[in-house]
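Read the structure below first, then the notes.
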Amino acid sequence: MRVRKAVIPAAGLGTRVLPASKSIPKEMLPIVDKPAIQYIVEEAVASGIEEILIITNRGKSVMEDHFDRSPELEERLQLSKRMDLYEEVVQVSKLANIQYLRQKETKGLGHAVNCAKTFVGNEPFAVLYGDDVIIGDVPAARQLCDAYEKYGKGVAGIKYVPTEQIGKYCTLKVEPLEDKIFSVTDMIEKPKPEQIISNYAILGRCILPPSVFDILDDLPPGANGEIQLTDAMQKIARQEGMIGVVYDSKRYDMGNKLGILQATVEVGVKHPEIAEDFKAYLKEFVKTL
Ligand code: UTP
């Protein structure tokens, strides 16, 4: 079955990037000239997704404005004959078929995904974490959809994480199937050192079967007192198995300060408008470090 729908949870509090995220959602923080969430919507569209649901909350309506028309701005750009900018601004509002839903209480990623039950219905769907921007030649969500369509099982986007960092993520029980593709039969969210099963963790993307909603309905809070999506995926992995795909793209964690800086630098040095000036600046600047 083809994956047609995507959910982008973007209702977290973003405490790791306060005070920037106090009134600006972290998903709206820019990488050079585009907010993080736009990169994610573009990835979903490039992956063949037809319908997107963004999970928001109070104070995040600026995301809806971003993907809406902006008549006053458009008129001004037309009048001043800045047609390239006009086209770009209009294009953002036509990117995708996007709906929005508020998560009324910030009870965790699993709870946010469960808000999408009616939108998703009875088909598999992609989850693109709203603060994980992933950039590469083949869109990461597409790589996961391909694995879903091949194996017919839930798919997790995974990466190798050094032992000292894996406690911040989750740890997966994996068996290799083919190059960069694994069978996943168990997982533990935020493992203690003695619980580490492997250095593979889920990062930023997954494809889930609709059966995840029944699991989420009954799921008690897990690590940090939040309803954890990983705990629901653990049940799926144990019962029917999942697939892990080491996606071939670079992930930037826009939920932490270093991730934001890395994204800015790495996208900046490739940006058609500023790449040359920015590289020249960086080369001089590193000499002062
Ligand atoms: P994070 O755990 O990184 O988000 O969730 P957070 O809670 O905002 O982060 P910190 O720890 O306070 O800095 C990953 C994604 O899930 C969304 C977030 O917006 C982020 O895109 N999320 C998280 C929700 O939509 N709802 C939640 O209740 C929690």
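In listed order, ligands and their atoms are each counted from 1.
Set against the non-hydrogen atoms of E27, the atoms of ligand 1 under 4.0 Å away are 18 (C), 19 (O), 20 (C), 21 (O). Residue-ligand proximity, K107 to ligand 1, at heavy-atom distances under 4.0 Å covers atoms 28 (O). The contact set between ligand 1 and L109, taken as ligand atoms under 4.0 Å from a residue heavy atom, comprises 16 (O), 27 (C), 29 (C). Listed by number with element, the atoms of ligand 1 under 4.0 Å from a non-hydrogen atom of G108 are 26 (N), 27 (C), 28 (O), 29 (C). Near Q103, with a cut-off below 4.0 Å to any heavy atom, the atoms of ligand 1 are 24 (C), 25 (O), 26 (N), 27 (C), 28 (O). Of all atoms in ligand 1, listed by their number and element, those nearer than 4.0 Å to a heavy atom of T15 are 10 (P), 11 (O), 12 (O), 13 (O). Within the listing of ligand 1, atoms 19 (O), 25 (O) sit less than 4.0 angstrom from a heavy atom of A10. Counting the atoms of ligand 1 from 1 in the order shown, those under 4.0 Å from a heavy atom of A112 are 24 (C), 25 (O), 26 (N).
Under a cut-off of 6.0 angstrom, the local environment of CD1 in I135 is crowded, with over 12 non-hydrogen atoms contributed by other residues, nucleotides or ligands.
No side-chain donor-acceptor contact under 3.5 Å links Q78 and E74. Checking H111 against E226 by side-chain atom types alone, no donor-acceptor pair falls below 3.5 Å. Side-chain atoms of Y252 and E266 include a donor-acceptor pair closer than 3.5 Å.
The closest heavy-atom contact to atom 14 (C) of ligand 1, among the options D131, I227, L229, N224, comes from D131.
At the shortest separation from atom 11 (O) of ligand 1 among protein heavy atoms lies R16 NE, 3.2 Å. Here the heavy atom of the protein found nearest to atom 6 (P) of ligand 1 is K26 NZ, 3.4 Å. Among all protein heavy atoms, the one lying closest to atom 22 (N) of ligand 1 is G12 N, 3.5 Å. Nearest non-hydrogen protein atom to atom 25 (O) of ligand 1 is A11 N, 2.8 Å. The closest protein non-hydrogen atom to atom 17 (C) of ligand 1 is P9 O, 3.7 Å.
Using the six-membered ring where Trp is involved, Y200 and F182 have ring planes that are tilted, between 30° and 60° apart.
Taking the charged nitrogens against the carboxylate oxygens, R142 and E149 do have a contact shorter than 4.0 Å, which makes a salt bridge. Classification of E105 and K107 as a salt-bridged pair holds, one side-chain N sitting under 4.0 Å from a carboxylate O. Looking at R4 and E51, a side-chain N of the basic residue comes within less than 4.0 Å of a carboxylate O on the acidic one, giving a salt bridge.
Taking the ring axis of F119 as reference, the NZ or CZ atom of K5 stays within 45° of it and closer than 6.0 Å to the ring centre. Taking the ring centre of Y39 as origin, the terminal cationic atom of K34 falls inside the region bounded by 6.0 Å and 45° from the ring axis.
The shortest N/O to N/O separation between G14 and ligand 1 falls below 3.5 Å. For the pair G130 and ligand 1, the shortest N or O to N or O distance falls below 3.5 Å. Close N/O approach between Y129 and ligand 1 is not found [any backbone or side-chain N/O within under 3.5 Å]. Of the N or O atoms in E105, none lie within a sub-3.5 Å distance of an N or O in ligand 1.
Using a non-hydrogen distance threshold of 4.0 Å, L13 registers as a contact of ligand 1.
Checked against the 6.0 Å centroid criterion, the rings of F125 and F213 qualify as a close aromatic pair.
If you look at I55 next to ligand 1, there are no close heavy atoms at all, none under 4.0 Å.
With hydrogens and angles ignored, the 3.5 Å screen pairs a side-chain donor or acceptor of R58 with a backbone N or O of K104.
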